[in-house]
Amino acid sequence: MATNLKAVRGTRDLLPPETDLWQKAEATARSVFARYGFGEVRTPIMEDTQLFARGVGEETDIVSKEMYTWSDRDRFEKFALSKVWLADARSRYAEWTKNTQLIDEKSKADMVFRRPDGGVTLVSFVDKASNMAWRSLVSAIQAYRDTSGTTDVLGLLVYPEEIGSEGIPADIRNDHTVTIDGWPVRGNFFSTSQSLTLRPENTAGVVRAYIEHKLGETGQLQKLFYIGPQFRRERPQKGRYRQFYQIGAEVIGAPSSGSESPLRDAEVLEMLATLLNELGITDWTLQLNSVGSSSDRPRYVEALKAALQPVKAQLCADCQRRAETNPLRVLDCKVPEDQPIIATLPQIADYLDAESKAHFAAVLAALDACGVEYTLNPRLVRGLDYYTRTTFEFLMETGLGTQNALLGGGRYDGLSEMLGGPKAPGIGFAMGEDRLVLTLQALNAEAAAQKLDAYIAPMGEAQNPYALALAKELRTAGLRVDVGDGSFRLKKSFETADKVARRIVIVGEDEASTGVLTVKTFTSGEQTKVARAELISTLKTL
RNA sequence: GCGGCUAUAGUUCAGCGGCAGAACGCCGGUCUGUGGCACCGGAUGUCGUGGGUUCGAACCCCACUAGCCGCCCCA
């Protein structure tokens, strides 16, 4: 136990049997998603920092202080070095004939020059002079001699000469010197490093993939789900970790695919209700709101700011600050004294244009038709910049303490364009899997620790091979089987078997030679002799 | 990032300045091819890490780390 290596703060190991519950949650989600026509998408765990800055919003807490962001190493560009060197070499070796064909796949030489004296020089561009680089050039020379029959073949290794030692000051990085045959060559051989970020959420990554792979060109509505870890550098709390898991889905597509239809909003919400019900969670409430189109929202924020100005001083300290930084959050304030004032503030519903109003009404009508219950919450505003129109949360009574939002989501009609993609309206959600599992635990929905079908107990180490072969046969037949060890006393085998399996199969000297095995069922205490040929069917009966 | 509480056996916890403890679990025995029940026996361990006070620290003090709860914020 005493070790100084531990899971880092806010991260944790998930072990059996808890992982059974995770598998159950994920299996249920996959089954529901499949029935609604969703396919799985897996995006990288890290992305260009710009993706989140532009998608999620530079001013949100997530981006401004909760991301794991770092600068990737500078990347050596072989092509840049060869270009610079060639431009220089052309003036000095004007009479050389350039042949840019590579000699063969395996050789590491990049270019072949024919010299005026009739010989040949192979040139290899590398980021630093190493034994490996030199050896591969030598083998390239050898290969060239063998295949061409030319005997006069020389090698030239070209590299930025200051590189190869760490700690080069950043200000000279873009201006390296390459010295070849005593001539210095200057140029920029390194592309600047890229800022990378561990994904704090998955919607931006999915939309990026949608744009990158031109999924809009298919003309089809894209229904994608994901299950995976996300990362935020927050203070850990119950159900809140720095590496946390989300199950989410996105419906996105070109407008002609129907992606803007209120039917899609209602379908996603109805699917979520179904998913929660199938997981055995019934005490959820769906809170619903519309934050309007991308033009409604700024108009409302302005009106809210103006309305807050005269009453600000009467609000709690938090709200006075929010009135400046994030006026929408004032609506979320839970301080009782503030409620009368908040009630007088303008509501987003009054700032929706006709189109947004009609959209929202259509969503509600479809939900009514499906019998999905919801509560309108005009104060439900969501933190991320990309949300438009429908926004929602599913809240839980049990298990989560103050972190009672189990999942949330909304429509993001402008996100693709914010990321430089085509118009691609969409709606999606993300569910906190850590919180989902907590809720399932609170509901005592623990996946009943399924016992194995059989535990094979070899009597004496001589029976081990027979026992393992028998286990293999049973496992091939789809039975869940564990096998003990011949060194165990039979009593110990029974004790272990009773804990992990429904039946014990005893393999002693008699059993191995006659092929008739002793099988005991723990629940009934019944013990019988079973021929090996009938063992599988016996074990399959409950 | 801020505040409060906590950290002792595999687990849940007691001990709060003087021999490191209980329950459950684990291992062994009663019982050499028969589990659950019973009885008997055994091992549990840098008392989160590092420093300080003291004749003496699991206990008091300081720092750090981690967990829980709340704030901020959010799924």
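The shown structure was predicted, so the numbers you read here are calculated from the model rather than taken from an experiment. Per chain, numbering begins at 1; letters A, B, ... match sequence-line order. Values below: every heavy atom of this structure, side chains too, minus hydrogens, waters and symmetry copies.
Comparing the C1' positions of B:C62 and B:G25 gives an interatomic distance of 38 Å, to the nearest angstrom. Between the P atoms of B:U8 and B:G45, the separation comes to 15 Å (whole Å). Of the C1' atoms belonging to B:C5 and B:G50, the separation is 22 Å, rounded to the nearest Å. Comparing the P positions of B:C47 and B:U11 gives a spacing of 15 Å, expressed to the nearest Å. Nucleotides B:C24 and B:A43 have their C1' atoms positioned 16 Å apart, rounded to a whole Å. Using atom C1' as the reference point in both B:A57 and B:G1, the two lie 34 Å apart (nearest Å). Distance noted for atom C1' between B:G15 and B:A7: 15 Å (whole Å).
Within 4.0 Å (heavy atoms only), A:Q230 reaches no atom of the nucleic acid at all. The residue A:G248 sits apart from the nucleic acid: no heavy atom pair falls under 4.0 Å. At a threshold of 4.0 angstrom between heavy atoms, the contacts of A:Q463 with the nucleic acid are absent. Among the atoms of the strands shown, only primed sugar atoms or phosphate atoms (P, OP1, OP2) are found under 4.0 Å from some heavy atom of A:R233. Contact annotation for A:E433: no contact, since no heavy-atom pair falls under 4.0 Å across all strands. Among the heavy atoms of the strands lying under 4.0 Å from A:I506 is at least one base atom, whether or not backbone atoms are also near.
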What's touching nucleotides 26-30 of chain B from the protein side, N or O pairs under 3.5 Å?
{"residue": "B:C26", "atom": "OP1", "partner": "A:K499", "partner atom": "NZ", "Å": "2.9"}
{"residue": "B:G29", "atom": "OP2", "partner": "A:R489", "partner atom": "NH2", "Å": "2.9"}

Which atom pairs link the protein and nucleotides 65-68 of chain B when you take only N or O atoms and keep those under 3.5 Å?
{"residue": "B:G67", "atom": "OP1", "partner": "A:G10", "partner atom": "N", "Å": "2.9"}
{"residue": "B:G67", "atom": "OP2", "partner": "A:R9", "partner atom": "NE", "Å": "3.0"}

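Side chains of A:Y466 and A:E511: no donor on one and acceptor on the other come within 3.5 Å. Judged by distance alone, the side chains of A:T518 and A:Q527 never bring a donor and an acceptor atom under 3.5 Å apart. Under 3.5 Å, the side chains of A:S293 and A:D296 contain a donor-acceptor pair of N or O atoms.
Looking at A:E267, A:E270, A:E278 one by one, the single match for salt bridge (Lys or Arg N to Asp or Glu O under 4.0 Å) with A:R35 turns out to be A:E278.
In this entry B:A63 has B:U49 as its Watson-Crick or G-U wobble partner, both defining distances falling under 3.5 Å. Pair assignment for B:A9: none, as no Watson-Crick or G-U wobble contacts are both less than 3.5 Å. In this structure, B:C55 and B:G18 make a Watson-Crick or G-U wobble pair, each of the two defining distances being under 3.5 angstrom. Base-pair partner of B:C26: B:G42 (Watson-Crick or G-U wobble, both distances under 3.5 Å). Using the Watson-Crick or G-U wobble rule with both distances under 3.5 Å, B:C73 pairs with nothing in any strand shown. Applying the Watson-Crick and G-U wobble criteria (two distances, each under 3.5 Å), B:C31 pairs with nothing in any strand.
Both A:R232 and A:D510 lie near RNA chain B, and the one whose nearest nucleotide falls closer to the 5' end is A:D510.
The structure places CD of A:Q50 at 14.0 Å from CZ of A:R208, a figure rounded to the nearest 0.5 Å. Summarising the geometry, atom CG belonging to A:L419 is positioned 12.0 Å from atom CD belonging to A:E212; distances are rounded to the nearest 0.5 Å.
In this structure, A:T528 has no side chain to side chain donor-acceptor pair (under 3.5 Å) partners at least two apart in sequence or on a different chain.
A:N289 places no side-chain N or O within donor-acceptor distance of the main-chain N or O of A:T390, the cut-off being under 3.5 Å. Checking side-chain atoms of A:D498 against main-chain N and O of A:F494 turns up no donor-acceptor pair under 3.5 Å.
Nearest nucleotide to the side chain of A:F244, out of B:U34, B:G35, B:A75: B:A75. Here the nucleotide nearest the side chain of A:T518, chosen from B:G33, B:A75, B:G35, is B:G33.
The aromatic ring centroids of A:F225 and A:F33 lie less than 6.0 Å from each other.
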